2 protein chains.
Amino acid sequence: MYTISEISRLTQTTAHTIRYYEKEGLLFPSRTANGVRRYDETQLTWLRFVLRLRATHMPIEQIRQYVDLFLSSSDEHDTTNDRLRLLEAHQQTVRAQLQELKQTEQMITDKIAAYRRLHPSVSTDPVRSP
Amino acid sequence: MYTISEISRLTQTTAHTIRYYEKEGLLFPSRTANGVRRYDETQLTWLRFVLRLRATHMPIEQIRQYVDLFLSSSDEHDTTNDRLRLLEAHQQTVRAQLQELKQTEQMITDKIAAYRRLHPSVSTDPVRSP
DNA sequence: TTACACGTTAAAGTGAACTCTAAGTCAAGC
DNA sequence: GCTTGACTTAGAGTTCACTTTAACGTGTAA
């Protein structure tokens, strides 16, 4: 079991942010008798999953939806399909981001190459604006 | 020459945002006698360049730095190297974003595959938390 | 036992990037 | 001449995701 400062170090995330994620309903650490948070491997894995989604700009609200579906799932009420749909939707936005990034990476690479070819002339700058 | 509503349509960006970018020093459209903004192809190209950088999360402040260097460049004071350095720095962040996105894309794909294999069982959910 | 590191909370504050409001000007069409 | 719609401005408001503050509790080493 880890303290908040330990998983803070392990995930390179401030304790502040970890508490904030808990307040937003993304994490559910257990507590000691006097209310100190304790994190097990499962919670650590979950936090890493959340951080992955955040790094790809999934809004906290959407992550919470996923968590809520997870928690509300039972034999009578299966939420697998809903979760699958959320993941597939996010997969689409991740792929769109990848497209955009690849194109911009190419643009920057081209521009850098142009700058290098022309250096040190500025008058013939490849950008030609404003 | 385009009006603000025309380049708004052409770039899928609200006129509000385009004026905001101008206020932030990223665009310099000319004006008609009574102060109405007019955009030429160069300004349109420039806006598209700005939108590319924004789509890859370059902060407006950094874009402005690039613009400022561009505008302050002259025969006596060459800013090519500084601009090159800014672009190279952003190239690094774009590559880091690409890395992160690719990894998360893989993770989501794996998770979706796992959900599909196990469907409709929830008890053996691949996430196993919280 | 006192110091100090580390934990707790609710709530207010921050910064970035828009987004909207209010009050106004202006040109074209009926 | 009047209405409509597109433009103008400064400045206030919004949203998101933290981040800080203030005030306090707890455990352990010197």
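The model shown is predicted, which means the values in this text are computed figures rather than measured ones.
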>> Walk along nucleotides 1-19 of chain C from 5' to 3' and tag each nucleotide B, S or - by protein heavy-atom contact under 4.0 Å, base first, then sugar-phosphate.
In response: ------SBB-------BBB
>> If you apply the rule side chain to side chain donor-acceptor pair (under 3.5 Å), what do you find for A:Thr56 with A:His90, and how did you get there?
In response: CA-CA 9 Å; A:Thr56 53; A:His90 188 56; 2.9 Å; yes
> Got a salt bridge between B:Arg64 and B:Glu61, using NZ or NE/NH1/NH2 to carboxylate O under 4.0 Å?
Replying inline: yes
>> Any salt bridge linking B:Arg54 with B:Glu24? Criterion: basic side-chain nitrogen under 4.0 Å from a carboxylate oxygen.
In response: no
>> Whether the side chain of A:Thr13 engages the backbone of A:Ser8 through a donor-acceptor N/O pair (distance < 3.5 Å, no angle test) should be reported.
In response: no
> What distance separates B:Lys111 NZ from B:Thr104 OG1, expressed to the nearest 0.5 Å?
Replying inline: 11.5 Å
> How long is the line joining CE of B:Met1 and C1' of D:dC7, in whole Å?
Replying inline: 15 Å
>> In whole Å, I'd like the distance from the CG atom of A:Leu47 to the P atom of D:dC18.
In response: 11 Å
